[in-house]
Structure formats: structure tokens, C-alpha cells
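Written below as C-alpha cells is the structure these notes are about.
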Number of protein chains: 2
Amino acid sequence: MTNEHHTPAGAALTGLVLEIFRLNGRLLAEGDRLMAGTGLTSARWQVMGAIHFASKPQTVSWLARNMGLTRQAVQRVVNDLEGEGLVAFQENPAHRRAQLVTLTQKGQAAYAGADQRQVPWANDLAEGFDAAELEQALELLRGIRDRLEAVRG
Amino acid sequence: MTNEHHTPAGAALTGLVLEIFRLNGRLLAEGDRLMAGTGLTSARWQVMGAIHFASKPQTVSWLARNMGLTRQAVQRVVNDLEGEGLVAFQENPAHRRAQLVTLTQKGQAAYAGADQRQVPWANDLAEGFDAAELEQALELLRGIRDRLEAVRG
DNA sequence: TCCTAATTGACAACATACTGTCAATACTCA
DNA sequence: TGAGTATTGACAGTATGTTGTCAATTAGGA
């Protein structure tokens, strides 16, 4: 596997990787545009989503692992959100330092408002695409990520 | 299209978007790890790749459009690369301010070295995946990006 | 119990990308 | 030709993510 040329799959994967970089940028820009005026951004929406979808209040470290980001990145966003009253910290009986993060009422309202924008946006953008094909692509990307994470943490 | 719930395709697309965010982070980290010791990073490798694959020397603005980034982001990276002697500016007969960017010999060597690492990495990661399936996913992502760019610049 | 290792939050430094603004330059068309 | 528009690079400010380091805390094994 140390040839100097890409295999067909290697070439396709490289193209896919470059497309992911481009699409990522586009999607972040689109998300920021979509959330303009709500006080939220793509990054904040994602963090609040992770809090929202957790079955119970979780620590920053847990959220970071769940999102595939570093503790520090999530911590900074969470601290910002806390400063704006969108999330709050709860005492964690299991760990004195690692507090649990929850959405405040204001945070829940903001997240619901964001969702009201995201749902029609996603439905519109998905119009014309085949759901099964989207699912298939999602599975493929998951497989790639699993493989990346299997090699090294 | 302003329902309060996702359509099947809308839900699949939303999952795909979140997976793209995660995979993007993973891939950037992997790229930085892969290039460790070469003096390059994922971002620099991408910019140098855009210069390398252009049929002729291009301006920073052209490169930015080609990569789906802002002028300013690419400009900063290019300036850094120029500071390290990896790229050089050429006079542009067609535009006094907008100079053309080229890889120096040192830059070409660095890019070739990076490629020697990227090729086996991509081939290894692609092992076990179907090239046609990877191509199909790539086409789908391109379609989504086209649609995003069609709506607004 | 006690030593060691892993986890966690805090802090600092940095890389990468964004927006906004400005002046210089190029382009278009009346 | 000349006025208005678009593009471009430069600069500043900000958001988001990284790595590295440190101390506090927790967990696990001898």
C-alpha cells in the first residue's frame, strides 16, 4: 500500500475528502446565515443540540466526545452560552469538578426557534434528493469515520 | 415546505450534514497528523494543491473561489507560505494589484513530499470501500453543494 | 490504604476561517 | 471619455477549533 499512485478507491476517497472540506465550509456559512438574528450560530446550535438530545444532563467532556470535538472547544462555547443564560451548570454528584450542563428555559426556547428554521431549510434542500440515497451516503461517511477512529482514538 | 417536522429526505439530509461536520473535524486532525514534521498542515496542503492543479498561475481570489473559501482566508495562508519560501508572487500583466501565485522549487518539493504521504494514506483508508460507491457519494455531495451555491453565490 | 493512571476544567498560545471596511485597480456602458 | 460598478489586496476584529500544560479530582490495583 505504498505505491506512488492512488488506487481507484483511493482517488475517489481523496476527491470525497476534498468535497467534504468544501461542503463543510458552505454548510457552516449557510447555518450562520440561517440562524442570523437568533443569537445562535452553527457551532452553538450544534452544542445545544447535543445537550438537547442527551437523555440526561451530561458533562462538557461527554458532549465533546459525542460531537467529535475537543473538550476545550466545547468548553469555550458552553461557557459563552452560560454567560448568555442559554445553558446552566448543575452540581454533579458523581464528580465534584465536572458539572452537568443543561439548557435553561431561555436556551430551550432559542433551540426550538432555531429548529423552526432548520426543519424547512433541510426539507427544502433535500427536495429532489432520494432519501435512501442520502441514507446510503450517510452510512458510507459513518463507515469512513469509524475507520479513522478505529486506527487512533 | 414549512411543516414543523422533517420529511424523510429532510431528516436524512440533516443527519448527513451533522456527519459531515464530524468527519470534517476528524479529517483535518488526521491530515495535520499525517503532515506532521513536513512543515505543512491540512490547510496549507489544500492551498498548495489548488495552486499545483491550476493549469496556470492564478490570483489569490481565483484560488479562493476554486476552494470555496474567502479571499481573506486564502490570502493569509498564501502570505504565510510566501514568508516560508514555499510560494512566490509573479507580476500579473492583466492586473497590477492581483499578483499570480506559484509554487517555488521548495514548495514543489514540499508538496511532492506531502503527496508521498497522502497517497498511501488514502489508499489504505479506501481499502474495503467500493470505488463506485465512493464516487456516488461524491456526486451526491457535489449535488448538495451545487444546490447551496445556486441559491446564493 | 496508598500509589499511579486517567479524567476533567482552566488557562495560554496558536491556526484557520469568517465579516466588515477601505483604497486601488479594472471593467462596463452610456 | 468618463461615471458608476465590481474586483482585489490589506487591515482589523471576531468565532471556532487545535495543542500543550497544569492542578484538582476520580478510579483502580498492589
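Letters go in sequence order (proteins before strands), and every chain restarts at 1. All values derive from a computational prediction rather than experimental measurement.
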With the threshold set at 4.0 Å, does a side-chain nitrogen-carboxylate oxygen contact exist between A:Asp146 and A:Arg142? no
Report yes or no: does A:Asn92 contribute a side-chain atom to a donor-acceptor pair with the main-chain N or O of A:Leu100 at less than 3.5 Å? no
Per the under-4.0 Å heavy-atom filter, residues of residues 68-78 of chain A near DNA chain C come out as A:Arg71, A:Gln72, A:Gln75
Nearest-angstrom distance from the residue atom CG of A:Asn79 to P of C:dT8: 16 Å
May I have the distance from B:Gln46 (atom CD) to C:dA15 (atom C1'), rounded to whole angstrom? 13 Å
Please give, in whole Å, the distance from C:dT7 C1' to A:Gln58 CD? 15 Å
Students should find this one: the first and last nucleotides of DNA chain D, 5' to 3', lying under 4.0 Å from a heavy atom of chain A. What are they? D:dT16 to D:dT26
Any donor-acceptor pair, under 3.5 Å, between the side chain of B:Arg97 and the base of C:dT25, if you only look at N and O atoms? no
Take A:Phe21 and B:Asn24 through the test side-chain contact (heavy atoms from CB on, under 4.5 Å) and record every step on the way to the result. CA-CA 6 Å; A:Phe21 288 152; B:Asn24 180 74; 3.2 Å; yes
What residues 82-92 of chain A contributes to the DNA chain C interface at heavy-atom separation below 4.0 Å is none
Round to the nearest Å and state the distance from B:Leu28 atom CG to C:dC14 atom C1'. 15 Å
Quick one: A:Asp32 CG to C:dA17 C1', roughly how many Å, whole number? 11 Å
Rounded to the nearest 0.5 Å, what's the gap from CG on A:Asn123 to OG1 on B:Thr14? Could you check? 7.5 Å
Considering all heavy atoms of both residues, which atom of A:Arg117 and which atom of A:Ala36 are nearest to each other, and what is their separation? NH1-O, 3.1 Å
Measure from the side-chain heavy atoms of B:Arg44 and tell me the nearest of C:dT16, C:dT25, C:dT8. C:dT16
Give a yes or no on whether the backbone of A:Leu28 and the side-chain of A:Arg33 come within a donor-acceptor separation of less than 3.5 Å. no
Relative to the ring of A:Phe53, is the ring of A:Tyr111 parallel (under 30°), tilted (30 to 60°) or perpendicular (over 60°)? perpendicular
Residue pair A:Trp62/A:Ala29 against DNA chain C: nearer the 5' end by closest nucleotide is A:Trp62
Given DNA chain C, 5'-ward residue of the pair A:Gly25 and A:Gln99, judged by closest heavy atom: A:Gln99
Quiz question: by atom type and distance under 3.5 Å, do the side chains of A:Gln118 and B:His6 form a donor-acceptor pair? yes
Step by step, would you call A:Glu149 with A:Arg145 a salt bridge (charged side-chain N to carboxylate O under 4.0 Å, His left out)? CA-CA 6 Å; A:Glu149 293 178 354; A:Arg145 184 165 58 86; 3.1 Å; yes
A:Leu100 has an atom CG; how far is it from atom P of C:dT8, in whole Å? 12 Å
For DNA chain D, whose closest nucleotide is more 5', that of A:Ala94 or that of B:Ser61? B:Ser61
Per nearest nucleotide of DNA chain D, the residue lying toward the 5' end, A:Ala43 or B:His95, is B:His95
Please determine whether a side-chain nitrogen or oxygen atom of B:Thr41 lies at a distance below 4.0 Å from atom OP1 or OP2 of C:dA15. no
Going from CG on B:Leu140 to CG on A:Leu140, what distance comes out if it is rounded to the nearest 0.5 angstrom? 10.5 Å
Out of curiosity, B:Glu4 CD to A:Asp115 CG, how far, rounded to the nearest 0.5 Å? 10.0 Å
Given B:Leu63 and B:Thr59, is the side-chain contact (heavy atoms from CB on, under 4.5 Å) satisfied, shown in steps? CA-CA 6 Å; B:Leu63 294 169; B:Thr59 65; over 6 Å; no
